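Just below is one structure, and these are the notes that go with it.
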Amino acid sequence: MTSTTGQPNDDVQEFVCHLMGLKTRRLSGWSDADEIKSVTDTFRWLRNNSPRLNDNGKCRLLNSGLIETCSWYCDTFFTNDPLSRSVLLQFLANFSVGNETAQRQIFEGFCSTLRHFIVSSEDSKLLNNSMMLLYNLCLCDVNFRDEILKDVNIVQQIMIHWTQNEIEYSKIFLDSIFSSSKDFLLVYENLPGTSKDQLMNIISIWLDHYNEEVSLEVIVVIKNNFFINCALDKVTSHVVNVLAKASNIDKFNAEIKQDTTLLKKIMDLLVFIHKHAKDNDGSDNEFSRVKDLSALFDSDIQTHNRFWFKSDLIRLIANMCYNHQEHQHLMRTDNIIPILLECCSFDAKNPLMREWSLFALRNILEGNLDNQDFVANIDSVGSIDTESSVTLTDTLKMASIKNSISDSDTMFI
């Protein structure tokens, strides 16, 4: 016999019998290793066979107290057995597929338990299955998803565990956050300062290895909210690094390269930090240059809050001026070229600053006679720090290089 919704009654009855058996075991209060194994096998059967159930069959099980029964076994019966808990959570994940009623009841009945597992469990399988179930429940309900993404403890655990292969849903969670500007902003705005930096650092890693998972809209949000519309002294090294890396990727390059407002803010920031460094030369200043080569390997330098900061700004300038005459002209009219000449020097806080400065000058001068004349007559526009500047002859040689450098060579990684 088959029900009116196409679900064989015998199939549904078999599920109901398993559920009644679980309720009977619960009432007995008996618990030993054999009993735990038997109950785990029951949940394993339910997990493997739940795809057979249609909505009517799932509704019958929900009305029979499925969620309450599963909650008791998860919280009480399987207290010291993470494997059994994992099997139970896998069953709930399969059971909830395509059924909003089941998803809502599971979220309401298990959300606090899943939060607890994610925050406190050291078992990787249980951690991954908790994240998997939570992720699946969030997919179909925007309110569930918003609630989870606002949970700082859960997000911080996701950021901690993404490097562990056995906790794959941590990375899947991050993939989904980086693909939605709304989700990204929701997460970012609720995190404390150090976690904000960590999230930006993770995006930077994604741009190196998984940039297809990062949406253009997320990069635009970072560019506008955390750089263009941010006070000069509040822009962080992590934000600048993300934009510098994005400027090297075809998917994001046009959005960044054509944004003259962005370039002007970069120029203002470069002028600000360069002047700040020169005015406080020799003092313990966050922007001051560290001339000692050995300091490059100092952990204090490598963890400094302005490590790579100036180099990444110059890297952005280099990429944004390539084959862009308007941006090239801005470098001359706003007197940025002399600063770049002075940045052709070593600074342990800014690895490759000299190389990026030379490259920026090359892109600024290429095909631009006005800029080349400006550099040729640099003495008439102001003095240049002789310790840090490259020779004008070498600079003009760069300008004479025509199109021997291809586009792919021009955009360094």
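These figures come from a predicted structure and were not determined experimentally.
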Intermediate values then yes/no, side chain to side chain donor-acceptor pair (under 3.5 Å), Asn229 and Asn224:
CA-CA 6 Å; Asn229 297 325; Asn224 293 338; 5.7 Å; no
Under 3.5 Å, is there a donor-acceptor pair between the side chain of [X] and the main chain of [Y]?
| X | Y | answer |
| --- | --- | --- |
| Asn128 | Glu168 | yes |
| Lys265 | Cys230 | yes |
| Ser130 | Leu126 | yes |
| Asn63 | Cys59 | yes |
| Lys310 | Cys343 | no |
| Ser179 | Ser176 | yes |
| Lys58 | Phe95 | yes |
| Asp334 | Ile336 | no |

Hey, does [Y] have a side-chain heavy atom less than 4.5 Å from the side chain of [X]?
| X | Y | answer |
| --- | --- | --- |
| Thr40 | Leu83 | no |
| Pro351 | Trp308 | yes |
| Asp123 | Phe117 | no |
| Ile154 | Phe173 | no |
| Phe78 | Val39 | yes |
| Ser112 | His116 | no |
| Lys257 | Ser247 | no |
| Asn319 | Arg315 | yes |

Nearest atoms (heavy-atom pairs only) where [X] meets [Y]:
| X | Y | result |
| --- | --- | --- |
| Thr163 | Ile160 | OG1-O, 4.2 Å |
| Asn94 | Ser50 | CB-OG, 3.1 Å |
| Gln328 | Asn323 | NE2-N, 4.4 Å |
| Pro192 | Val152 | CD-CG1, 3.9 Å |
| Leu352 | Ser311 | C-OG, 4.0 Å |
| Ile222 | Val242 | CD1-CG1, 4.0 Å |

For the [atom1] atom on [X], are there more than 12 heavy atoms of other groups (residues, nucleotides or ligands in this structure) within a distance under 6.0 Å?
| X | atom1 | answer |
| --- | --- | --- |
| Asp250 | CG | no |
| Glu166 | CD | yes |
| Lys23 | NZ | yes |

Is the shortest side-chain N to carboxylate O distance from [X] to [Y] below 4.0 Å?
| X | Y | value |
| --- | --- | --- |
| Lys264 | Asp259 | no |
| Asp41 | Arg44 | yes |
| Arg25 | Glu35 | yes |
| Asp141 | Arg104 | no |
| Glu212 | Lys251 | no |
| Arg52 | Glu14 | yes |
| Arg115 | Glu147 | yes |

Quick check with a 6.0 Å cut-off and a 45 degree axis cone: is Lys171 positioned over the face of Tyr210's six-membered ring?
yes
Taking it one step at a time, do Trp356 and Asn350 satisfy side-chain contact (heavy atoms from CB on, under 4.5 Å)?
CA-CA 10 Å; Trp356 277 115; Asn350 289 284; over 6 Å; no
Candidate pair Arg85 and Asn129, rule side chain to side chain donor-acceptor pair (under 3.5 Å), full reasoning:
CA-CA 9 Å; Arg85 281 174 159 171; Asn129 282 295; over 6 Å; no
Using the six-membered ring wherever Trp is involved, compare the ring planes of [X] and [Y] and label them parallel, tilted or perpendicular (cut-offs 30° and 60°).
| X | Y | answer |
| --- | --- | --- |
| Trp206 | Phe178 | perpendicular |
| Phe15 | Trp45 | tilted |
| Phe43 | Tyr73 | perpendicular |
| His324 | His327 | parallel |

Distance only, no hydrogens: is a donor on one side chain within 3.5 Å (strictly under) of an acceptor on the other, for Gln156 and Ser195?
yes
Between Gln164 and His161, is any side-chain donor less than 3.5 angstrom from a side-chain acceptor?
yes
Side chain to side chain donor-acceptor pair (under 3.5 Å) between Asn371 and Arg332, worked out:
CA-CA 6 Å; Asn371 284 356; Arg332 182 186 74 257; 2.6 Å; yes
Taking side-chain contact (heavy atoms from CB on, under 4.5 Å) as the criterion, tell me which of Glu326, Gln325, Met331 meets it with His329.
Gln325
Could you check Asn225 against Leu185 for side-chain contact (heavy atoms from CB on, under 4.5 Å), going step by step and ending with a plain yes or no?
CA-CA 10 Å; Asn225 293 34; Leu185 272 176; 3.9 Å; yes
Check the pair Arg26 / Thr76 against side chain to side chain donor-acceptor pair (under 3.5 Å), numbers first and verdict last.
CA-CA 10 Å; Arg26 174 183 174 183; Thr76 305; over 6 Å; no
With a cut-off of 3.5 Å and sequence neighbours excluded, list every side-chain donor-acceptor pair involving residues 196-204.
unit_1, atom_1, unit_2, atom_2, d
Lys196, NZ, Tyr188, O, 3.3
Lys196, NZ, Leu191, O, 2.4
Ser204, OG, Asn241, OD1, 2.6
Ser204, OG, Lys245, NZ, 2.9

Kindly determine whether Ser96 and Leu137 satisfy side-chain contact (heavy atoms from CB on, under 4.5 Å), including the steps that lead there.
CA-CA 8 Å; Ser96 68; Leu137 295 176; 4.2 Å; yes
The reported gap from CD in Gln103 to CZ in Phe144 (rounded to nearest 0.5 angstrom) is 8.0 Å
Give, for atom CD1 of Ile266 and atom CG of Leu316, the distance between the pair rounded to the nearest 0.5 Å.
4.5 Å
Evaluate the criterion ring pair (Phe, Tyr, Trp, His ring centres under 6.0 Å) for residue pair Tyr169 and Trp162; output intermediate values, then yes/no.
CA-CA 8 Å; Tyr169 269 87; Trp162 75 266; over 10 Å; no
Would Arg145 and Asp183 count as a salt bridge (charged side-chain N to carboxylate O under 4.0 Å, His left out) if you check the C-alpha gap in whole Å, the side-chain angles of each, and the deciding distance to 0.1 Å?
CA-CA 9 Å; Arg145 185 167 180 83; Asp183 288 351; 2.7 Å; yes
side-chain contact (heavy atoms from CB on, under 4.5 Å) evaluation trace for Leu46 with Leu88:
CA-CA 9 Å; Leu46 291 170; Leu88 188 154; over 6 Å; no
